[in-house]
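Counting from 1, the numbers follow the sequence of the chain as shown.
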Amino acid sequence: MANNEDAFKKVVSHAKEYGFIFPSSEIYDGLGAVYDYGQLGTELKNNIKNYWWKSMVQYHENIVGIDSAIFMHPKIWKASGHVDAFNDPLIDNKDSKKRYRADVLIEDHIAKIEDKIKKEVEKAHKRFGDAFDRDQFVHTNARVLEHQAKIDEITKRYSQCMNDNDLVGLRQLILDLEIVCPISGTRNWTEVRQFNLMFATQMGSVSEGSDTIYLRPETAQGIFVNFLNVQKSGRMKIPFGIAQIGKAFRNEIVARQFIFRMREFEQMEMQFFVRPGEELKWFEYWKAERLKWHLALGIPADKYRYHDHEKLAHYANAATDIEFEFPFGFKELEGIHSRTDFDLSRHSEFSGKKLQYFDSELGENYTPYVIETSIGVDRTFLAVFSHALKDETLEDGSTRTLLSLPPVLAPYKAAILPLVKKDGLPEKAREIFDQLKHDFMLQYDEKDAIGRRYRRQDAIGTPFCITVDNDTLETNTVTVRERDTMQQERVAIDELDVYLHKRIKPIAIN
């Protein structure tokens, strides 16, 4: 693909063409930053959630899962700080009349400088080949050092403004960096102001007498308010975790980049409750564990990086993002935060209920500290999908579009393909389909030449194609074609179940 923009366009078009993701309400011209998952997208999304749930809940005896309601008592959002402080800094360009997030404008500017460093590194790599020492180059090359100094200076000013909620300083930084509106090309900016991101609605039979409630902007608070219920009913001992997968809603003014930033999205979160004073040890533990989870998917390590927060939320004493290199650059995929005892203490204060834990080993009550891991389902989908999608040139000069998903995440595990639609082959193929469908998600396809059917399955990520041919009726064997290598082998029909289970095994996280 020619460049990152072309790669991203290919991701969006492929997702729609093959039934992964559709624009929501498309026949009514769509709804901004809202998307529907199609038949294959739903399968891939469910497989991602199942992979996370198994690795987080099933593989840990001290982590359990819940499913809390989207609607919650409005005082919860007052206690959590969302009513007063859940804001984005917005700025308008007076010429284009377009609205932007001030922080995103600055981060995009930093990303452009990072791209310059990346290009310098790539040029040097080509020049020196295998002898290239990347670390030495980035620490000694004059151009790279100049670019890095700019990034460090901008980041320092930006973090200071965000920490101090200095909206005037944010605007001045945008002016000093000579950031222009992408539409008008001008620097005619308004003042920066804050905008609350929560969706408000009413609960009650008539609007006049109803209370204002909110669609939850995160799933974490449902875990915190159920801390005592889970701890007592499950007889949980610290350290222990509570996990949850669920929808959240944010009224993003500048929603963009396909499913990366949406107004309705899904989160996979786990809150891990620990003794006060041990939180930083557990923060480092979960920081490492979560990166292992991502790397277990088989995506190269250089596609991920840690980004330690310079700007900490007021309740946190440590925070790190795991960033992924999307087609539009490195962006946050998952956050690991040490939230101290802020959440349980605030809910204790606002509810009047003691949310404490009696530690029998220490013989004392205390409010546990919390380590949070929070990852977006949709962002994980985009990361996995965009990395897997590629165009390949084959030995004969032909090309194919390949979606090389990890087999355990692929929507269909195998396609059952009769070579021709006669001679009893469709009947035999249906028999095999019925034999395997209880254990595997399958697709049956008998339309078009076998080569074209292989290409279709390659494009949707199906790891195995099982072809029923004339020899099948005599030998009771089939041809199994592997997606990535295109290698084929004969397998006995009676052994197909074991064959597929062995190759579509759960991802091991060491």
(request) For Lys49 and Met268, work out which heavy atoms get closest and say how close. (result)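 Of all heavy-atom pairs spanning Lys49 and Met268, the closest is CA-SD, 4.0 Å.
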(request) Please report the closest heavy-atom contact between Ala243 and Ile223, naming both atoms and the distance. (result)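 Residues Ala243 and Ile223, closest heavy atoms: C-CD1, 4.3 Å.
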(message) A quick test of your reading: do over 12 heavy atoms of other residues, nucleotides or ligands sit less than 6.0 Å from NE2 of His139?
(response)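 Result for NE2/His139: open.
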(request) Count the heavy atoms of every other residue, nucleotide or ligand shown that sit under 6.0 Å from NZ of Lys303, and state whether that count exceeds 12. (result)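 Atom NZ in Lys303 is crowded, with more than 12 foreign heavy atoms closer than 6.0 Å.
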(request) Answer yes or no: is there an ion pair linking Glu153 with Arg157, defined by an N-O contact shorter than 4.0 Å? (result)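 Salt bridge flag = no for Arg157 with Glu153.
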(message) For Asp378 and Tyr35, which I'm curious about, is there any donor-acceptor pair between the side chains at under 3.5 Å?
(response)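 The answer is no; no qualifying pair exists.
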(request) Would you please say whether a donor-acceptor pair under 3.5 Å links the side chains of Glu269 and Thr219? (result)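 There is such a pair between these side chains.
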(request) Run the ring-centre check on Phe199 versus Phe249 and record whether the distance is less than 6.0 Å. (result)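 Centroid separation for Phe199 and Phe249: 6.0 Å or greater.
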(request) Please check if the distance between the ring centroids of Phe328 and Phe326 is under 6.0 Å. (result)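 That pair passes the under 6.0 Å test.
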Throw together a table of side-chain donor-acceptor distances under 3.5 angstrom for residues 105-126, partners on residues two or more places apart or in other chains.
{"from": "Glu107", "atom 1": "OE2", "to": "Tyr158", "atom 2": "OH", "distance (Å)": "2.6"}
{"from": "Asp108", "atom 1": "OD1", "to": "Lys331", "atom 2": "NZ", "distance (Å)": "3.4"}
{"from": "Asp108", "atom 1": "OD2", "to": "Arg256", "atom 2": "NH1", "distance (Å)": "3.2"}
{"from": "Lys118", "atom 1": "NZ", "to": "Glu325", "atom 2": "OE2", "distance (Å)": "2.3"}

(message) I'd like to check the ring-ring contact (aromatic ring centres under 6.0 Å, His included) partners of Phe128; sequence neighbours left out, ordered by chain and number.
(response)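 None.
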(request) Flag this pair as yes if the NZ/CZ of Arg379 is under 6.0 angstrom from the six-membered ring centre of Phe381 and inside a 45 degree cone about the axis; otherwise no. (result)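 No, Arg379 does not lie over the aromatic ring of Phe381.
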